[in-house]
Amino acid sequence: MSMNAVELAANLLKEGKLVAIPTETVYGLAADASQMDAIAKIFIAKGRPTNHPLIVHLADISQIWDWGKDLSQDTIQDIQLLAHHFWPGPLTLIIKKANWVPDIITGQQDTVAIRVPNHPLTLALLNKMPNGVVAPSANRFGRISPTEPIHVQKELGNKVAYILDGGSCQVGIESTIVSLASEQPLVLRPGMISPEQLSAILNKNVLTTHKAETTIRAPGVLDSHYAPKTPFYRILTSNTERLITIAPLIKKILAHYSNYKKIALISHGEYSTSELTYCALSDNPDYFSQKIYSTLHTLDEAGYDLILCYLEESIIQQQPHWLSILDRLQKATLDNILITG
Ligand code: TXA
Ligand code: MG
């Protein structure tokens, strides 16, 4: 009798073990949401402070109602609209929690975060887990999120009972988090689903944390670091036009960082140089986000002295999706370096 990977993962979770699960955003470090001892292991494995709340992952929208309480008709309608348009998908909803929801999940807050992820293996797994699973990103606290099984293996391989291999994550950065527990919908963490998209579906104003004052604690949205081990800086230039060629920029970088031997530069389009390692991601934010974390993981492993990222203003101003990428870069970089003429 052979057991398939999803069944194996479900059985291990039911035994109270930790399993790494694939989602469309990043890999998660999952525990059965009904087992407090198992959930406690997540915080130890990640080295994460216990007051940081976890996202509950469910198989479908029908399960959300058990987790919430005191939901107004308006909030119920907002949940339904967003769920029907974006779930399964890279969107997390924050709602007022039911009394039974334990503090270890919510970090003592009176709200709970819920998401239905879009990955066939994890949806099949969640269908075998009637109580849902809690899953933060499967990285050590303060590190960048994993988008490939190997990233989990390297960082948490000895802490998980099993890694459910679902290949490379297609979205590549963490879900958009929107709170429906405040007066107006409020984006707490930007992601590939933009405030404009949410606003269009809800037919109401959606605030972002930049526009709203909030006391809601959400570590992933504070100015804390989710960084590679290698020093990582974002390059800004005074040149706002699309660079005619990237060559002059590289010359300036090499002059500026002459003490560093092994330098990598992450940017948009193809370019060939022997003076440093040039990583061409894309002009397209969907593809760029898919590759950014895995590029950083790879460069980190390869022993670079310095990692740089250069995004062209003319490209990133075209598309709101760049905002969530800029948010993650802001958290991953030590500083912005202005290189002038
Ligand atoms: O894409 C994702 O959301 C991934 C995959 C695995 O689903 N998960 C993820 O989880 O990014 P994590 O724990 O790394 O980040 C979740 C963020 C944290 O910043 C946490 O503080 C916030 O969600 N959060 C969770 N519950 C919350 C709540 N009740 N109120 C405010 N923020 C909350
Ligand atoms: Mg995380």
Side-chain angles (χ1 to χ4, degrees), residues 22-27 86 89-91 117-119 137 139 143-148 150-151 167-177 187 189-197 208 220-221 225-228 230 232-237 239-243 245-246 249-250 253 263-273 276-302 304 306-337 339:
T23 83
E24 78 282 36
T25 59
V26 301
Y27 273 75
F86 298 111
L91 180 68
N118 189 15
H119 191 289
S137 52
N139 52 281
R143 304 245 83 103
I144 48 179
S145 295
T147 56
E148 309 268 352
I150 186 75
H151 304 154
S168 310
C169 301
Q170 294 302 299
V171 174
I173 63 172
E174 304 83 349
S175 61
T176 303
I177 300 180
V187 173
R189 180 174 71 183
M192 280 315 207
I193 295 176
S194 67
E196 292 77 12
Q197 283 173 284
T208 66
V221 307
H225 271 85
Y226 293 87
T230 314
F232 179 35
Y233 295 93
R234 182 164 161 220
I235 298 291
L236 302 178
T237 68
N239 182 358
T240 53
E241 287 158 47
R242 171 142 206 177
L243 279 191
T245 104
I246 204 152
L249 178 70
I250 289 181
I253 286 173
I263 301 177
L265 174 64
I266 300 169
S267 194
H268 301 286
E270 291 301 325
Y271 184 73
S272 172
T273 172
L276 48 67
T277 301
Y278 181 85
C279 305
L281 295 192
S282 179
D283 288 5
N284 177 334
D286 295 332
Y287 186 75
F288 194 102
S289 72
Q290 196 181 93
K291 295 289 172 210
I292 184 64
Y293 286 155
S294 64
T295 302
L296 290 173
H297 278 287
T298 303
L299 294 172
D300 233 4
E301 285 290 316
Y304 280 85
L306 182 66
I307 306 172
L308 303 171
C309 179
Y310 172 67
L311 300 180
E312 288 179 32
E313 283 299 322
S314 60
I315 293 175
I316 62 184
Q317 275 165 13
Q318 284 164 20
Q319 261 264 13
H321 282 172
W322 283 103
L323 287 177
S324 49
I325 295 167
L326 293 178
D327 170 78
R328 301 313 190 276
L329 288 176
Q330 158 106 14
K331 285 168 182 147
T333 48
L334 293 167
D335 205 351
N336 293 333
I337 304 293
I339 291 198

Tell me every residue that passes ring pair (Phe, Tyr, Trp, His ring centres under 6.0 Å) with His297, counting only those two or more places apart in sequence or in another chain.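 Result, ring pair (Phe, Tyr, Trp, His ring centres under 6.0 Å) vs His297: His151.
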List in chain and number order the residues that pass ring pair (Phe, Tyr, Trp, His ring centres under 6.0 Å) with Phe288, two or more places apart in sequence or in another chain; answer none if no residue qualifies.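 Phe288: ring pair (Phe, Tyr, Trp, His ring centres under 6.0 Å) contacts with Trp322.
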Taking only residues two or more places apart in sequence or in another chain, which ones pass side-chain hydrogen bond (donor to acceptor under 3.5 Å, both in side chains) with [X]?
{"X": "Tyr233", "result": "none"}
{"X": "Thr23", "result": "Thr25, Arg115"}
{"X": "Asp300", "result": "Thr230"}
{"X": "Ser175", "result": "Thr92, Arg189"}

For the residue pair [X] and [Y], what are the closest heavy atoms and their distance?
{"X": "Ile144", "Y": "Tyr226", "value": "CG2-O, 2.9 Å"}
{"X": "Gly269", "Y": "Ala280", "value": "O-CB, 3.3 Å"}
{"X": "Cys169", "Y": "Pro146", "value": "SG-O, 4.3 Å"}
{"X": "Val171", "Y": "Pro90", "value": "CG2-CG, 4.4 Å"}

Assess whether side chain to side chain donor-acceptor pair (under 3.5 Å) is satisfied between Ser137 and Asn139, documenting all intermediate values. CA-CA 6 Å; Ser137 52; Asn139 52 281; 2.5 Å; yes
Walk me through whether Lys291 and Ser282 qualify under side chain to side chain contact (heavy atoms under 4.5 Å, CB included). CA-CA 9 Å; Lys291 295 289 172 210; Ser282 179; over 6 Å; no
Contacts of [X] that satisfy side-chain contact (heavy atoms from CB on, under 4.5 Å) - sequence neighbours left out:
{"X": "Gln317", "value": "Glu313"}
{"X": "Ala264", "value": "Thr277, Leu299, Tyr304"}
{"X": "Gln318", "value": "none"}
{"X": "His119", "value": "Pro22, Leu121, Thr122"}

Report yes if some heavy atom in the side chain of Pro320 is under 4.5 Å from a heavy atom in the side chain of Glu196; otherwise report no.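 Yes, at least one pair of side-chain atoms sits under 4.5 Å.
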Does the Gln197 side chain pair with the main chain of Ser194, one donor and one acceptor, at a distance under 3.5 Å?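 Indeed, once roles are kept as given, a pair shorter than 3.5 Å links the two residues.
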Please lay out, stage by stage, how Ile339 and Tyr310 fare under the test side chain to side chain contact (heavy atoms under 4.5 Å, CB included). CA-CA 11 Å; Ile339 291 198; Tyr310 172 67; over 6 Å; no
Carefully, step by step, assess Leu326 and Arg234 under the rule side chain to side chain contact (heavy atoms under 4.5 Å, CB included). CA-CA 10 Å; Leu326 293 178; Arg234 182 164 161 220; 3.7 Å; yes
How many angstroms lie between [atom1] in [X] and [atom2] in [Y], if you round to the nearest 0.5 Å?
{"X": "Ile253", "Y": "Ile263", "atom1": "CD1", "atom2": "CD1", "answer": "7.5 Å"}
{"X": "Ile337", "Y": "Cys309", "atom1": "CD1", "atom2": "SG", "answer": "13.0 Å"}
{"X": "Met192", "Y": "Gln170", "atom1": "CE", "atom2": "CD", "answer": "12.5 Å"}
{"X": "Ile246", "Y": "Tyr278", "atom1": "CD1", "atom2": "OH", "answer": "4.0 Å"}
{"X": "Ile235", "Y": "Asn336", "atom1": "CD1", "atom2": "CG", "answer": "9.0 Å"}
{"X": "Ile292", "Y": "Ile266", "atom1": "CD1", "atom2": "CD1", "answer": "4.0 Å"}

Quickly, which of Leu334, Asp335, Leu329 forms a side chain to side chain contact (heavy atoms under 4.5 Å, CB included) with Phe232? Name it, please.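 Between Phe232 and the candidates, side chain to side chain contact (heavy atoms under 4.5 Å, CB included) is satisfied uniquely by Leu329.
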Considering the options Ile325, Asp327, Thr176, Thr208, which one meets the side chain to side chain contact (heavy atoms under 4.5 Å, CB included) requirement together with Pro190?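 Single side chain to side chain contact (heavy atoms under 4.5 Å, CB included) partner of Pro190 among Ile325, Asp327, Thr176, Thr208: Asp327.
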Contacts of type salt bridge (Lys or Arg N to Asp or Glu O under 4.0 Å), residue Glu148, not counting sequence neighbours: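 By the salt bridge (Lys or Arg N to Asp or Glu O under 4.0 Å) rule, Glu148 matches no residue at all.
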Does the side chain to side chain contact (heavy atoms under 4.5 Å, CB included) test come out yes or no for Glu174 and Ser145, once each step is laid out? CA-CA 8 Å; Glu174 304 83 349; Ser145 295; 2.5 Å; yes
